[in-house]
**Student:** 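Sharing a structure with you now.
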Amino acid sequence: MSGQAPVILHDDDAGARRYAGWLAEEFETGSTHHDSVDPAELVVAGTVVLVTGMRSKGGLGGSAFIRDNWEALVEAGRRVAVVMVGPTPVTDDARIELMSGEFSEDQLRDLKLFQLRGVVTPEHLGFRQRLGIKTALAALRRKPERTPEEEMMLETGGVDLTDREALGPLLRWIRREA
């Protein structure tokens with residue numbers, strides 16, 4: 001691996017935490033909740049990656065952190081990526097609407113954006129799908145022997161669509177290969 005490890009931040013989203021953990025493994029570093037980051041870490045960072053969940057009611061979990069620390073991050077020369085993690089890929093129009101609600105036009109020009117599939121939990125779904133997931137989870141809880149995937153469903157309260165391989169474009173960007 002070449003270069004300095006990125007500062008990897010995440011919010012409370014289960015998928016975002018999982019991707020942040022995988023990134024930390026790749027760079028042999030740690031990941032931190034954006035509310036707990038040491039400002040000194042940001043001062044020495046060359047690259048900052050925020051992995052954040054797309055909220056079911058709209059918005060991104062950690063976007064305020066980027067806005068609040070804009071000067072210390074982007075204006076101070078850091079490369080900043082925002083990785084949006086959601087239940088399904090967002091269409092271009094919806095992504096543009098989501099991002100323009102979170103960041104100014106100037107900020108969007110200076111950020112690198114990535115999108116990954118995360119964990120689908122009942123609050124992301126309509127009534128019938130929510131009922132289906134809750135029924136499946138109840139059946140899993142009664143099952144005596146569970147696969148690791150089934151354990152993960154119980155732990156996250158939903159269906160895990162995260163995929164470590166999907167980090168490829170982000171890894172290449174961090175390593176300046178793309």
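Worth saying up front: this structure is predicted, and the values here are computed from it rather than measured.
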**Student:** Contact between V48 and N69 at the side-chain level, heavy atoms closer than 4.5 Å - yes or no?
**Tutor:** no

**Student:** When you measure from the centre of the six-membered ring of W22, is the NZ or CZ of R17 closer than 6.0 Å and no more than 45° off the axis?
**Tutor:** no

**Student:** Aromatic contact between H33 and H10, with the criterion being ring centroids under 6.0 Å apart: yes or no?
**Tutor:** yes

**Student:** Go through W173 and R79 one step at a time and tell me if the side-chain contact (heavy atoms from CB on, under 4.5 Å) criterion holds.
**Tutor:** CA-CA 10 Å; W173 179 82; R79 298 167 73 226; 3.1 Å; yes

**Student:** How far does CD of Q4 sit from OG1 of T29, to the nearest 0.5 angstrom?
**Tutor:** 9.5 Å

**Student:** Before accepting this row, confirm whether a basic side-chain N of the pair E71/R78 lies closer than 4.0 Å to the acidic partner's carboxylate O.
**Tutor:** no

**Student:** Apply the test side-chain contact (heavy atoms from CB on, under 4.5 Å) to residues E26 and R164: give CA-CA distance (whole Å), side-chain angles for both, the deciding distance (0.1 Å), then the verdict.
**Tutor:** CA-CA 11 Å; E26 285 287 329; R164 191 174 185 142; 3.7 Å; yes

**Student:** State, with a plain yes or no, whether a side-chain heavy atom of V119 is found less than 4.5 Å away from one of L161.
**Tutor:** no

**Student:** Answer yes or no: is there a side-chain heavy-atom contact under 4.5 Å between F114 and V82?
**Tutor:** no

**Student:** Hey, are the side chains of V51 and V85 touching, using non-hydrogen atoms and a 4.5 Å cut-off?
**Tutor:** yes

**Student:** On a heavy-atom basis, which atom in L154 and which in L137 lie closest, and how many Å separate them?
**Tutor:** CD2-O, 3.6 Å

**Student:** Please assess D11 against L60 for the test side-chain contact (heavy atoms from CB on, under 4.5 Å), listing each intermediate value before the final yes or no.
**Tutor:** CA-CA 9 Å; D11 64 5; L60 295 171; over 6 Å; no

**Student:** Please name the pair of heavy atoms, one in V49 and one in P6, separated by the smallest distance, quoted to 0.1 Å.
**Tutor:** CG2-CB, 4.3 Å

**Student:** Between L50 and S63, what is the shortest heavy-atom contact and its length?
**Tutor:** CD2-N, 4.2 Å

**Student:** Less than 4.5 Å apart, side chain to side chain, heavy atoms only: is that true for L111 and I66?
**Tutor:** yes

**Student:** Would you indicate whether the side-chain heavy atoms of V7 and L42 approach each other to under 4.5 Å?
**Tutor:** yes

**Student:** Atom CD of residue position E105 - does it have more than 12 heavy atoms of other residues, nucleotides or ligands inside 6.0 Å?
**Tutor:** no

**Student:** Considering residues at least two apart in sequence or located in another chain, which fulfil the salt bridge (Lys or Arg N to Asp or Glu O under 4.0 Å) criterion with E150?
**Tutor:** K143

**Student:** Report yes if some heavy atom in the side chain of L116 is under 4.5 Å from a heavy atom in the side chain of V83; otherwise report no.
**Tutor:** yes

**Student:** Can you find a heavy atom in the side chain of L170 that is under 4.5 Å from one in the side chain of I174?
**Tutor:** yes

**Student:** Rounded to the nearest 0.5 Å, what's the gap from OG1 on T47 to NZ on K112? Could you check?
**Tutor:** 12.5 Å

**Student:** Output the distance between atom CG (L113) and atom CG (L108), rounded to the nearest 0.5 Å.
**Tutor:** 6.5 Å

**Student:** Quick check: is L131 connected to V159 through a chain of hydrophobic side chains (ILVMFWY, heavy atoms under 4.5 Å apart)?
**Tutor:** no

**Student:** Using 0.5 Å steps for rounding, measure from the CD1 atom of I133 to the CG atom of L140.
**Tutor:** 10.5 Å

**Student:** Look up atom CG in L167 and atom CZ in R172, then write down how far apart they are to the nearest 0.5 Å.
**Tutor:** 10.5 Å

**Student:** Can you measure from CE (M54) to CE (M84) and round to the nearest 0.5 angstrom?
**Tutor:** 6.0 Å

**Student:** Under 3.5 Å, is there a donor-acceptor pair between the T162 and D160 side chains?
**Tutor:** yes

**Student:** Can you name the closest pair of heavy atoms from F103 and R67 and give their distance?
**Tutor:** CD2-CG, 4.0 Å

**Student:** Is a donor on one side and an acceptor on the other found under 3.5 Å between the side chain of Q107 and the backbone of S104?
**Tutor:** yes

**Student:** Does the Lys NZ or Arg CZ of R175 fall within the cation-pi geometry relative to F27 - under 6.0 Å from the ring centre and within 45° of the axis?
**Tutor:** yes

**Student:** Quick one: closest heavy-atom pair of G21 and S31, and the distance?
**Tutor:** N-OG, 4.3 Å

**Student:** Please give me the minimum heavy-atom distance between F65 and L73, naming the atom from each residue.
**Tutor:** CE2-CD1, 4.2 Å

